[in-house]
Asks: 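Here it is: the structure, laid out below.
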Amino acid sequence: MIVAAVVATIAGLLLPGALADAVDAAIAGRPSLPPVLWLLTLGCAEIAADVVGGILTARVTASGTAWLRRRLSRHLAALGTSSRFADGDAVSRLTTDCTGAGGVASILVQLGSALVVSTGAVILLALLDWRLALVFLGSVPVALWLARSHLRLTADDVSAYQRVSGELSARLLDAVGGLRTIAAAGIADREADRVLRPLPRLSAAGAGMWRTQARMVWKAGLLLPAVELAVLAAAGFGVLAGRLSVGDMLAALGYVALGMSLVGQVPLLTSLSRARSCAGRLAEVLETPLPAEGTFRLPAGPGRIELRGAGTDGILHDVDLTVEGGSTVAIVGRSGSGKSALAGLLGGLRPADDGEVLLDGVPMRRVRAEELRAAVGYAFERPTLLGTTVADAVAYGSWAGLVAVERACRAAHVHDLVVRLPEGYRNPLDRTPLSGGEAQRVGLARALVRGPRLLVLDDATASLDTVTEARVESAIEQALPGRTRVVVTHRVSTACRADRVVWLDAGRIRATAPHDVLWADAAYRAVFTEDGGR
């Protein structure tokens with residue numbers, strides 16, 4: 001791309017001189033074929049370089065965008081649950097902002113080329129007649145003022161436009177994810193108003209950018225003919241004085257047009273401002289520190305978990321808890337009490353902001369990520385199934401073969417469903433219709449496939465009936481005997497089957513005891529009554 005720009009720049013700078021030679025040769029009656037051929041050669045070289053440069057610009061922009069998206073997606077994935085960026089905002093940064101920032105290399109090359117052309121044109125104009133260069137240089141302060149004011153005025157509008165676009169994307173993603181809920185509640189109009197509420201701010205920022213660009217365009221449009229007229233008048237006096245020929249006058253006009261090419265790159269200045277804003281939004285993500293990587297190996301153990309004064313900002317506070325290896329612990333509490341946050345701490349899915357979490361005597365934050373993920377199996381209430389086939393979805397994140405996948409699906413009571421599919425375990429996931437309970441069981445199989453020492457079920461059987469849930473629990477016990485289980489639940493039956501219940505209230509442990517002991521407390525019974533006692 002740079003080579004093409006250099007060729008185009010050199011050819012463009014030589015063209016006015018070649019034109020002058022051809023015109024002067026024709027007027028003087030000298031043989032004009034060599035100058036004309038040279039003129040045609042330079043013209044063809046500039047056209048070819050521009051075409052190649054356009055192709056390479058598109059390729060470099062696409063490559064830069066892809067590189068930024070890879071880097072940003074890896075950083076977001078590494079941030080995991082500690083990311084402070086909303087889903088829709090992260091998507092906006094991955095799509096719109098990476099595209100904007102990915103074109104910065106081509107923008108800089110084009111602006112650099114325009115700067116070289118302008119500088120070269122002034123030098124050639126001075127070599128032709130220093131008086132013409134002096135007249136032209138009088139316009140430079142005006143051109144610099146226009147460029148500086150344009151960048152200053154567009155900076156705030158561009159930044160606001162990118163920020164509001166991210167907010168709009170976040171709201172839209174939330175709405176798309178909850179389409180069924182919105183339809184069932186009959187609040188489509190209200191939800192549309194909520195999603196589109198930032199639109200006036202987006203429109204104001206966009207209109208501000210266009211107004212600024214429009215002012216720059218007409219000012220630059222007046223500046224170019226004014227400079228050309230002044231240089232043409234000075235060149236006319238040069239012709240009358242015998243210093244310049246008719247061809248030199250044409251060359252002077254060509255040099256003026258080239259010299260003003262930087263001012264004519266108004267869209268590039270706007271694009272540069274936008275790219276800078278996009279790069280700033282990407283930097284916000286990339287400069288967010290990643291959680292420290294663990295280096296310890298996890299020793300063999302029964303899956304004993306210990307929390308010492310552990311907490312997460314604004315959710316859990318000063319939690320002390322020990323879950324013995326091989327036991328089953330149920331976590332219960334009202335909505336918003338911090339059940340999922342506690343399950344995340346116990347399974348190492350999110351680091352503790354305060355205190356320490358230990359697995360078999362080793363602080364989880366110091367354990368190597370791959371070993372921790374192999375030791376802990378996670379299943380969620382609404383699992384996101386990833387992969388090309390059903391087998392891929394179950395084996396996701398592991399090296400499990402088809403035998404291990406089938407064993408896990410049998411334990412999750414989903415094997416019979418899978419084998420009835422047209423292609424069984426190789427059935428494409430996007431052509432596998434699954435109910436809520438079936439999707440939960442596939443997600444549960446994914447958690448079991450590695451044979452983890454600790455299994456965390458975050459309401460992962462909520463869509464199953466109580467009979468199926470009991471069968472699944474029995475199958476898990478047979479497939480993974482002696483494993484530690486942490487179960488977030490709203491069901492009395494599930495809490496009853498646990499060895500111990502952790503009762504959460506407002507981010508703190510209110511009590512820890514067997515279900516039968518806690519059942520004597522009316523406030524504990526009310527936890528299940530409020531949720532229907534499922």
Asks: Check this for me: R366, atom CZ, are more than 12 non-hydrogen atoms of other residues, nucleotides or ligands nearer than 6.0 Å?
Replies: no
Asks: Can you give me the closest heavy-atom contact between G387 and L429, atom names plus distance?
Replies: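 Closest approach of G387 to L429: O-CD2, 3.5 Å.
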Asks: At their closest point, which heavy atom of Y425 faces which heavy atom of E406, and how far apart are they?
Replies: OH-CA, 3.6 Å
Asks: Evaluate the salt bridge (charged side-chain N to carboxylate O under 4.0 Å, His left out) criterion for residues R410 and D416: first the C-alpha distance (whole Å), next the side-chain angles of each, then the deciding distance (0.1 Å), finally the verdict.
Replies: CA-CA 8 Å; R410 287 184 184 276; D416 292 342; 5.4 Å; no
Asks: Evaluate E356 against R365 for salt bridge (charged side-chain N to carboxylate O under 4.0 Å, His left out), listing each step before the verdict.
Replies: CA-CA 8 Å; E356 198 69 86; R365 67 174 74 245; 3.1 Å; yes
Asks: Pick one: which of L518, V332, V319, V329 meets side chain to side chain contact (heavy atoms under 4.5 Å, CB included) with V502?
Replies: V329
Asks: Relative to the ring of W519, is the ring of H515 parallel (under 30°), tilted (30 to 60°) or perpendicular (over 60°)?
Replies: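 If you compare the ring of H515 with that of W519, the planes turn out tilted.
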Asks: Looking at every heavy atom in both T322 and E306, which two are closest together, and how far apart are they?
Replies: OG1-CG, 3.8 Å
Asks: Show the nearest heavy-atom pair for residues R334 and K339, with the distance to one decimal.
Replies: O-NZ, 3.1 Å
Asks: Working note: N427 + T432, criterion side-chain hydrogen bond (donor to acceptor under 3.5 Å, both in side chains); need CA distance, chi angles, decisive distance, verdict.
Replies: CA-CA 7 Å; N427 204 70; T432 303; 2.9 Å; yes
Asks: List the steps, then state whether side-chain hydrogen bond (donor to acceptor under 3.5 Å, both in side chains) holds for D458 with S340.
Replies: CA-CA 6 Å; D458 189 356; S340 292; 3.0 Å; yes
Asks: What is the minimum heavy-atom distance between P302 and T484, and which atoms define it?
Replies: O-OG1, 3.0 Å
Asks: Would you say the side-chain atoms of R69 and T95 include a donor-acceptor pair closer than 3.5 Å?
Replies: no
Asks: To the nearest 0.5 angstrom, please state how far the CZ atom of R281 sits from the CG atom of L72.
Replies: 10.0 Å
